[in-house]
Amino acid sequence: MSSTLLEVTRAAHEEVERLERVIVKDLQNEPTSNKDRLFQSHRVRNMIDTITSTTERLIEIYDDNDNARKDEIAALGGQTATGINVFSAFYDRLKEIREYHRKHPVARVVDANDDFEALLKEEPQIEFSGEEAFGRYLDMHELYHQYVNSKFGEPIEYSAYLDVFSETDKVPRKMKTTRQYREYLGNLLEYLIYFFQRTEPLQDLDRIFSKVTAEFEENWASGMVQGWENDNQENGHVASQHTAIDLDYYSTVEELMEVGPERLKEALAALGLKSGGTVQQRAERLFLTKHTPLEKLDKKHFAKGAHGLEKNGVAAASQEGNLKEIALMEAKMNKLCDLLDETIARTKDNVIKKQALTYEEIEAEREEEETQEDSESEDDEQQIYNPLKLPMGWDGKPIPYWLYKLHGLGQEFKCEICGNYSYWGRRAFERHFKEWRHQHGMRCLGIPNTKNFNEITSIEEAKELWKKIQQRQGVNKWRPDLEEEYEDKEGNIYNKKTYTDLQRQGLI
C-alpha cells in the first residue's frame, strides 16, 4: 500500500529512524576481536550509506519539481477540476483499499523490526588477500617489485622497503618528473586508499584529503613543501626540463647516450624538440642545447607546431602543473602513512618473524591466530569458578586443592630477620632457616643461627631468647669457636672450631 507518494515519504522517514536506532544499538556492543570490529564498522557504514541515499530521495520528493506531491495533497482534500468534493475523494480511496485486499486476501503483516534486527548479525563481505590477514598487515609486494625494478628505486629487502616507501623526499627531484615514478606513486596511493577504506570504513577520507589539499596549497604557494622547495624556480616560473639532465656533467654525446632513450625522449619533449629517432640521434639533438640557445636552433629540430620559446613556455607551464600534482599525491600518501603507522610497524614485525619460520610453521601460526580470535570472546565471558579462593597457577586457573593442602600454599609467613621477606607455605618457611638470607640476618644481629632459634622470626624475640640462653649457661660473652655454625657443601653443620680443623686437614 505504498503506491502513493505520501506513503513513500512516510516509509522513507521510518526507515531512516529505524536505521539510526540500529546503528546506536550496534555501536553499544564492544567488539572482542579485530574481525568483529571490521564487521561492525562495515555494517554501520552500509547503514549510513542507506540513510544517505534515502535522505537524497526524500529531498527530491520535497523539492517537488514535477508537482506530484502537491497534486496528491490536493487530491486528498477532494480538489478536482470541477471543484472540491471531499466525499468523492474518500470513497475513491476506500475503493482502492478494498480492491487491494480483494487481490491480496492472505497478505500478512511483516514486522519491520525483524528485518532491521537481522542487520546486527550480518557479516559483510570484505576482500582481503591472504597476506593482509583480514586487515592486520599490508600486502605491498607488487609495489615493492615495481620499486626495486625502477630507476629511482634501490635493490633492497622487502622489510627495508616498508621503512623507506613513505620517504619520498629522498627520491631525487629529477627522478620525480619521470612517467615511471608517476605511475608508481599513483599505484601506491591507490592501494593505501583502498586498504584504508576497508580497515577504517567509518573514517571520512574526503574530509581528510580536503584538509591535506588546503595545507598543501598554502605550502606550495610559499615554496615550503618538503622535497619541492623553490630552489630551481625564478619569478614563479619553473626552469626548463633540461635541468633534469644536467648537461654540464656530459662532455660527449656518447656519455649522454648512457642516460637511456626514455630520459632523452622526455627531456626533448619538454623542450619542444623532436623526440624520435635512435638513441644517438636523440642524444645529439639534446646535446645541441648545451652551447646553443633554443631560439637559435634550426627549426628542423623542433616538433611540428612548436615555435621555440613559445613552445618552451607552454612545456614549462604544463610541467609545473604536473609537478604540483605529483607533490599533492605525495602529501596524500604521507597522510595515509601517518594514519596507518601502527599497521606498517606491525607488517614489518610480521615480515621479519616470517623469515625465520617455515611454510608449515607460518600456516600453523595463522590458523592458531584465527582460532584464538574466535575463542577470545568465549574466554572473556567465562568466569573462573573458585569457591575456596585457591591461589592461581601459571595458567591463570586455581591450583588443585590437594596441592594447596600438601604444601600449605595458601599460608603466608613473614620473617622480620630476613627483611620482612614473605614465604608461601609451611614447607618453604621451615626450609628458610637454613638459607643464606636468614643466616645473614642472624649474623648481623650477633646471634648464632642454632636450632634454638627455629620458628623465631621477630628480631626482639631473637634478642630476648639469646639473653636467656646466655644467663642460663652463665656466659656473658658469646664464644664463636663453639657457637658459630658453618655449613659444608653437603649441608652438614659444624661449629667454627670443628669446621676449621676439618678444613685444615683437607677433609672438607
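- Listed for the Lys176 side chain is a donor-acceptor partner under 3.5 Å among the backbone atoms of Thr168.
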- Query: Given the rule in the side-chain contact (heavy atoms from CB on, under 4.5 Å) test, do Glu17 and Arg21 qualify, once you have shown the distances and angles that lead to the verdict?
  - Reply: CA-CA 6 Å; Glu17 292 179 1; Arg21 286 194 289 267; 4.2 Å; yes
- Task: Could you go through the side-chain contact (heavy atoms from CB on, under 4.5 Å) check for Leu189 and Leu336 one step at a time?
- Result: CA-CA 8 Å; Leu189 181 60; Leu336 287 174; 3.8 Å; yes
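- A cation-pi contact, defined as under 6.0 Å to the ring centre and within 45° of the axis, links Arg198 to Tyr194.
- Taking the six-membered ring where tryptophan is involved, the planes of Phe128 and Phe195 are perpendicular, since the angle between them exceeds 60° and thus also 30°.
- Within a 6.0 Å sphere centred on CD of Glu20, heavy atoms belonging to other residues, nucleotides or ligands number more than 12.
- In this structure the side chain of Lys332 never reaches within 4.5 angstrom of the side chain of Ile208, judged on heavy atoms.
- Remark: Thr9 OG1 to Leu5 CG distance equals 5.0 Å, nearest 0.5 Å.
- Taking each heavy atom of Leu286 and Ala267 in turn, the nearest pair found is CD2-CB, 4.1 Å.
- To the nearest 0.5 Å, the span separating CG on Leu138 from OG1 on Thr347 amounts to 4.0 Å.
- Atoms NZ and OG1, from Lys151 and Thr178 in turn, are 8.0 Å apart once rounded to the nearest 0.5 Å.
- Side-chain contact check for Leu340 versus Leu192: some heavy-atom pair is nearer than 4.5 Å.
- Side-chain contact between Glu217 and Lys324 is present, with at least one heavy-atom pair separated by less than 4.5 Å.
- For the residue pair Thr343 and Arg136, the shortest heavy atom distance occurs at CG2-O, 3.6 Å.
- Contact check on Arg37 versus Glu200 returns a salt bridge, with a Lys/Arg side-chain nitrogen under 4.0 Å from an Asp/Glu carboxylate oxygen.
- Between Arg282 and Glu266 there is no salt bridge, since no side-chain nitrogen of the basic residue lies less than 4.0 Å from a carboxylate oxygen of the acidic one.
- Considering only residues two or more places apart in sequence or on other chains, Ala345 meets the side-chain contact (heavy atoms from CB on, under 4.5 Å) condition with none of them.
- Tyr144 places a side-chain N or O within donor-acceptor distance of the main-chain N or O of Ile156, the cut-off being under 3.5 Å.
- With hydrogens and angles disregarded, no donor-acceptor distance shorter than 3.5 Å links the side chain of Glu131 to the backbone of His141.
- Between Tyr62 and His13, the ring planes lie tilted relative to each other; the angle falls in the 30° to 60° range.
- In this structure, CG in Asp26 is found 4.5 Å from CZ in Arg43, a value given to the nearest 0.5 Å.
- The minimum heavy-atom distance linking Leu38 with Thr199 is given by the pair CD2-O, 3.5 Å.
- Residue Ser150 comes nearest to Gln180 through the heavy atom pair CA-NE2, 3.5 Å, listed as atom of the first residue, atom of the second, then distance.
- For the pair Arg179 and Glu183, the salt-bridge criterion is not met [side-chain N within less than 4.0 Å of a carboxylate O].
- Asn334 places a side-chain N or O within 3.5 Å of a backbone atom of Glu330 that can act as its donor or acceptor partner.
- The aromatic ring centres of Tyr147 and Phe165 sit 6.0 Å or more apart.
- Scanning both residues, Leu202 and Ser41, for their nearest heavy atoms gives CD2-O, 3.6 Å.
- Lys95 and Glu99 are not joined by a salt bridge, as no carboxylate oxygen comes within less than 4.0 angstrom of a charged side-chain nitrogen.
- Ring geometry for Tyr158 versus Tyr161: interplanar angle under 30°, hence parallel rather than tilted (30 to 60°).
- Atom CD of Glu127 and atom CD of Glu132 lie 10.0 Å apart (nearest 0.5 Å).
- Counting only heavy atoms from C-beta outward, the side chains of Arg10 and Glu14 approach each other to under 4.5 Å.
- A 6.0 Å sphere centred on CD of Glu157 holds no more than 12 heavy atoms belonging to other residues, nucleotides or ligands.
- Phe216 contributes atom CZ, which lies 15.5 Å from atom NZ of Lys335 (distance to the nearest 0.5 angstrom).
- Contact between Leu205 and Gln197 at its shortest, heavy atoms only, is CD2-NE2, 4.0 Å.
- Using modelled atom types, one side-chain atom of Gln281 and one backbone atom of Thr278 make a donor-acceptor pair closer than 3.5 Å.
- Here the side chain of Ser53 pairs a donor or acceptor atom with the backbone of Thr50 at under 3.5 angstrom.
- In this structure, Asp64 contributes its side chain and Arg69 its backbone to a donor-acceptor pair below 3.5 Å.
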- Steps toward salt bridge (charged side-chain N to carboxylate O under 4.0 Å, His left out) verdict (Glu325, Arg182): CA-CA 10 Å; Glu325 185 177 354; Arg182 184 186 181 91; 2.9 Å; yes
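- Side-chain contact, Gln280 with Glu284: a donor N or O sits under 3.5 Å from an acceptor N or O.
- Of the possible donor and acceptor atoms, none in the side chain of Asn34 sits under 3.5 Å from a partner among the backbone N and O of Gly135.
- Tyr181 is not listed as a side-chain neighbour of Met175, based on a closest heavy-atom distance of 4.5 Å or more.
- Panel note: side chain Thr289, backbone Arg285; no donor-acceptor pair is recorded below 3.5 Å.
- Taking 4.0 Å as the cut-off between side-chain N and carboxylate O, Glu60 and Arg57 do not count as a salt-bridged pair.
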